[in-house]
Colleague: 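Before I ask anything, let me first share the structure, which is written out below as structure tokens.
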Amino acid sequence: MNLYLGIDFGTSGARAIVIDSAGIIQAESQYLFADSTDNLTAMWREALFSLIAEIPSEIRGGICAIAINGTSSTVLLCDRTGNPIDSPILYNDSRGIEVIDKLKEIAPPNHTVISATSSLAKLLWWQDLIPPLVRGARGDLHFLHQADWLAFLLHGQLGISDYHNALKLGYDVEKLCYPEWIENLEIPFKLPKVITPGTPISEVTSEIAASLKLRKDCVVCAGTTDSIAAFLASGAKSPGEASTSLGSTLVIKLLSSTRVDDAKYGIYSHRLGDLWLVGGASNTGGAVLKSFFSDRELESLSSQIDAEKSSNLDYYPLLKAGDRFPINDPNLPPKLEPRPENPVEFLHGLLESIARIEARGYELLKQLGATPLSCVYTAGGGAKNPTWTKIRERYLKVPILKPTHTQAAYGSAILAMRGINKKI
């Protein structure tokens with residue numbers, strides 16, 4: 001039996017899922033990250049090998065393909081042997097704000113990379129540190145994403161990425177090449193070779209096969225980002241189908257026949273085969289709800305709300321000023337007044353306002369040329385709230401469905417299976 005391993009490196013831990021050719025889960029393992037560590041890459045390495053080692057040997061021996069996802073825009077610098085020469089810069093690190101003016105001069109207007117947290121912003125920030133970094137490095141320096149480096153630990157081919165991770169580095173996912181304005185930069189790092197997510201790269205090294213008891217012909221495939229892996233796991237596959245993540249923030253992704261990119265609204269598109277995964281992320285969401293209510297209160301109060309009745313409260317729920325989508329304004333103020341004395345009414349207003357923002361986001365994608373919404377798969381903690389689901393259906397006017405799977409590791413396993421079977 002051929003089995004497929006997907007590995008997800010998220011923000012708080014890592015997970016591995018093995019599936020068979022029918023998509024049935026055969027094994028799972030998990031690794032929680034320490035709250036603080038002086039050596040992130042050492043922890044990532046330990047997590048990777050521990051996750052695989054924890055899979056039962058009889059299942060491990062049947063794995064024929066592996067794919068790994070990492071957090072988008074988590075990056076690191078390595079020497080020519082693959083050893084990190086500095087601490088990685090994480091996905092949400094905004095030190096790139098120091099080079100944002102330089103970035104605006106380099107990139108086309110409203111480009112996805114014009115962000116303090118983009119991979120390219122982090123690369124430009126690192127450039128200023130080159131002299132001290134080079135002194136401790138052995139030869140050429142490679143700029144890699146988290147998923148690139150983790151896959152390298154298994155297959156040994158340094159400097160290979162996928163076009164999902166490389167989007168925020170400036171890679172042109174339509175023409176499938178680095179644009180001329182990137183090629184013309186005098187970058188003191190080797191940029192990764194970019195290939196289609198899921199593409200087989202190489203078999204695991206003989207050392208890895210022996211130490212982890214993997215098949216010698218087990219192939220490592222190009223990976224993806226954690227959010228796209230979660231989308232692949234949801235079951236959405238046709239234009240018009242979408243995924244909303246109701247976690248701490250609100251993230252929407254719509255599968256579209258047409259590409260939409262507009263930094264003015266915080267919208268960008270990932271390529272997904274011959275289709276486009278269009279979306280954006282708002283700072284509203286579950287974190288705002290939990291700043292006012294406990295989980296128990298959310299459940300109890302929600303059950304008292306009439307989901308068919310509109311609230312007369314019009315909020316823009318944010319923890320602090322600033323949103324990214326569908327309004328991209330770093331100074332947008334939270335709107336949480338007036339606050340009624342009755343907590344049921346207040347929660348009703350919050351849930352309805354977040355639903356309104358979600359619907360506004362999907363409508364904006366349609367106005368900008370994306371395929372109209374047909375259904376929404378929902379993941380995240382908010383998906384467990386039936387009252388909120390009914391309110392959202394009233395605004396979205398399409399069915400809201402439960403995802404087939406919610407784990408990003410499952411999506412990476414699907415990617416490995418498609419890649420090895422040449423169905424990407």
Colleague: Return yes if a side-chain donor-acceptor contact under 3.5 Å exists between T244 and Y362, otherwise no.
Modeller: yes
Colleague: Examine distances only and state if a side-chain atom of S118 and a backbone atom of I114 form a donor-acceptor pair shorter than 3.5 Å.
Modeller: no
Colleague: Please walk me through it: do I106 and K102 pass side-chain contact (heavy atoms from CB on, under 4.5 Å)?
Modeller: CA-CA 6 Å; I106 294 169; K102 183 178 180 181; 3.9 Å; yes
Colleague: Under 3.5 Å, side chain of K104 to main-chain N/O of P109, donor-acceptor pair present?
Modeller: no
Colleague: How many angstroms lie between atom CD1 of I182 and atom CG of D172, to the nearest 0.5 angstrom?
Modeller: 10.5 Å
Colleague: For a 4.5 angstrom cut-off between non-hydrogen side-chain atoms, does T196 reach D162?
Modeller: no
Colleague: Do the non-hydrogen side-chain atoms of K213 and S57 ever get within less than 4.5 Å of each other?
Modeller: no
Colleague: Closest approach of R60 and A53, non-hydrogen atoms and distance?
Modeller: NH2-O, 3.2 Å
Colleague: As an exercise, state the distance from CG of L214 to CD1 of I66, rounded to the nearest 0.5 Å.
Modeller: 5.5 Å
Colleague: What is the distance from atom CG of L40 to atom CG of L76, rounded to the nearest 0.5 Å?
Modeller: 10.0 Å
Colleague: Would a distance-only check, ignoring hydrogens and angles, find a side-chain to backbone donor-acceptor pair under 3.5 Å from K402 to A379?
Modeller: no
Colleague: Indicate, with yes or no, if the rings of Y178 and Y171 have centres closer together than 6.0 Å.
Modeller: yes
Colleague: Just so I know, are the side chains of L313 and S353 near enough to count as touching, which here means a heavy-atom distance under 4.5 Å?
Modeller: no
Colleague: Using modelled atom types and a 3.5 Å cut-off, is there a donor and acceptor pairing between side-chain atoms of H142 and backbone atoms of C78?
Modeller: no
Colleague: Would you compute the distance between atom CG of L77 and atom CH2 of W149 and round it to the nearest 0.5 angstrom?
Modeller: 13.0 Å
Colleague: Taking the side chain as every heavy atom from C-beta outward, state whether S256 and P239 have any pair of such atoms under 4.5 Å apart.
Modeller: no
Colleague: Among side-chain atoms of Y91 and Q146, is any donor-acceptor pair under 3.5 angstrom?
Modeller: no
Colleague: So I7 and R15, do their side chains get closer than 4.5 Å, heavy atoms only?
Modeller: no
Colleague: Using a 6.0 Å cut-off, check whether atom CD of E180 has over 12 heavy atoms from anything other than its own residue.
Modeller: no
Colleague: Ignoring hydrogens and angles, tell me if any N or O in the side chain of T71 forms a donor-acceptor pair with the backbone of T11 under 3.5 Å.
Modeller: no
Colleague: Would you mind checking if R324 and D329 are paired as a salt bridge, meaning a charged N to carboxylate O distance below 4.0 Å?
Modeller: no
Colleague: Is any side-chain heavy atom of F325 closer than 4.5 Å to a side-chain heavy atom of I252?
Modeller: yes
Colleague: Quick check against the 3.5 Å criterion: does E241 have a side-chain atom that pairs as donor or acceptor with the backbone of K237?
Modeller: yes
Colleague: Does one side chain, of S282 or T284, offer a donor that lies under 3.5 Å from an acceptor on the other?
Modeller: no
Colleague: Should the heavy atoms of other residues, nucleotides or ligands under 6.0 Å from CG of N184 be counted, would the total exceed 12?
Modeller: yes
Colleague: What is the distance from atom CG of N165 to atom CG of N69, rounded to the nearest 0.5 Å?
Modeller: 8.5 Å
Colleague: For the backbone of G322 and the side chain of N283, can you confirm whether one donor and one acceptor N or O come within less than 3.5 Å of each other?
Modeller: yes
Colleague: Report the relative orientation of the aromatic rings in Y410 and H405; use parallel for angles under 30°, tilted for 30 to 60°, perpendicular for over 60°.
Modeller: parallel
Colleague: Supply the atom-to-atom distance L277 CG to L232 CG, rounded to the nearest 0.5 angstrom.
Modeller: 8.0 Å
Colleague: Over all heavy atoms of both residues, which pair between S269 and W276 is shortest? Give the atoms and the distance, please.
Modeller: CB-CE3, 4.0 Å
Colleague: If I compare all heavy atoms of E54 with all of Q30, which pair ends up nearest, and what's the gap?
Modeller: OE1-O, 3.9 Å
Colleague: Tell me, with the steps shown, if N385 and S302 meet side-chain hydrogen bond (donor to acceptor under 3.5 Å, both in side chains).
Modeller: CA-CA 8 Å; N385 188 321; S302 293; 3.0 Å; yes
Colleague: Would you mind checking if K216 and E203 are paired as a salt bridge, meaning a charged N to carboxylate O distance below 4.0 Å?
Modeller: no
Colleague: Do you know which two heavy atoms are closest between S21 and N2, and how far apart they sit?
Modeller: OG-O, 3.8 Å
Colleague: Go through the steps for F152 and L144 under the test side-chain contact (heavy atoms from CB on, under 4.5 Å), then give the verdict.
Modeller: CA-CA 10 Å; F152 155 75; L144 300 172; 5.6 Å; no
Colleague: Will you find, in the side chains of T117 and R95, an N or O donor that is under 3.5 Å from an N or O acceptor?
Modeller: no
Colleague: Given T224 and H164, is the side-chain hydrogen bond (donor to acceptor under 3.5 Å, both in side chains) satisfied, shown in steps?
Modeller: CA-CA 6 Å; T224 183; H164 290 160; 2.7 Å; yes
Colleague: Taking all atoms of both residues into account, what is the closest heavy-atom pair of L150 and L48, and its distance?
Modeller: O-CD2, 3.5 Å
Colleague: Look at D140 together with K190 and state whether they make a salt bridge at an N to O cut-off of under 4.0 Å.
Modeller: yes
Colleague: Flag the pair L169 / L123 as yes when at least one side-chain heavy-atom distance between them is below 4.5 Å, and no otherwise.
Modeller: yes
Colleague: Test S310 against R394 for side-chain hydrogen bond (donor to acceptor under 3.5 Å, both in side chains), laying out the working first.
Modeller: CA-CA 9 Å; S310 295; R394 181 155 47 83; 3.1 Å; yes
Colleague: So do the side chains of D8 and S412 get within less than 4.5 Å of each other, counting heavy atoms only?
Modeller: no
Colleague: With side chain to side chain donor-acceptor pair (under 3.5 Å) as the test, pick out the partner of E352 among Y395, W388, Y315.
Modeller: Y395
Colleague: Show the nearest heavy-atom pair for residues N328 and Y265, with the distance to one decimal.
Modeller: CB-C, 3.9 Å
Colleague: Starting from the C-alpha separation in whole Å, work towards a yes-or-no answer on side-chain hydrogen bond (donor to acceptor under 3.5 Å, both in side chains) for T37 and N39.
Modeller: CA-CA 5 Å; T37 179; N39 193 333; over 6 Å; no
Colleague: Show, in sequence, the C-alpha distance, side-chain angles and deciding distance for V18 and Y4, and conclude whether the side-chain contact (heavy atoms from CB on, under 4.5 Å) test is met.
Modeller: CA-CA 5 Å; V18 180; Y4 310 90; over 6 Å; no
Colleague: Sub-3.5 Å donor-acceptor pair from the side chain of T404 to the main-chain atoms of S234, do we have one?
Modeller: yes
Colleague: Are any side-chain N or O atoms of S161 and backbone N or O atoms of P192, one a donor and one an acceptor, separated by less than 3.5 Å?
Modeller: no
Colleague: Between R259 and E174, does any side-chain N to carboxylate O distance fall below 4.0 Å?
Modeller: yes
Colleague: Could you check whether any side-chain N or O of D20 sits under 3.5 Å from a backbone N or O of I24, counting only pairs where one atom can act as donor and the other as acceptor?
Modeller: yes
Colleague: side-chain contact (heavy atoms from CB on, under 4.5 Å) for I267 and L364? Distances and angles first, verdict last.
Modeller: CA-CA 10 Å; I267 297 169; L364 179 60; 3.9 Å; yes
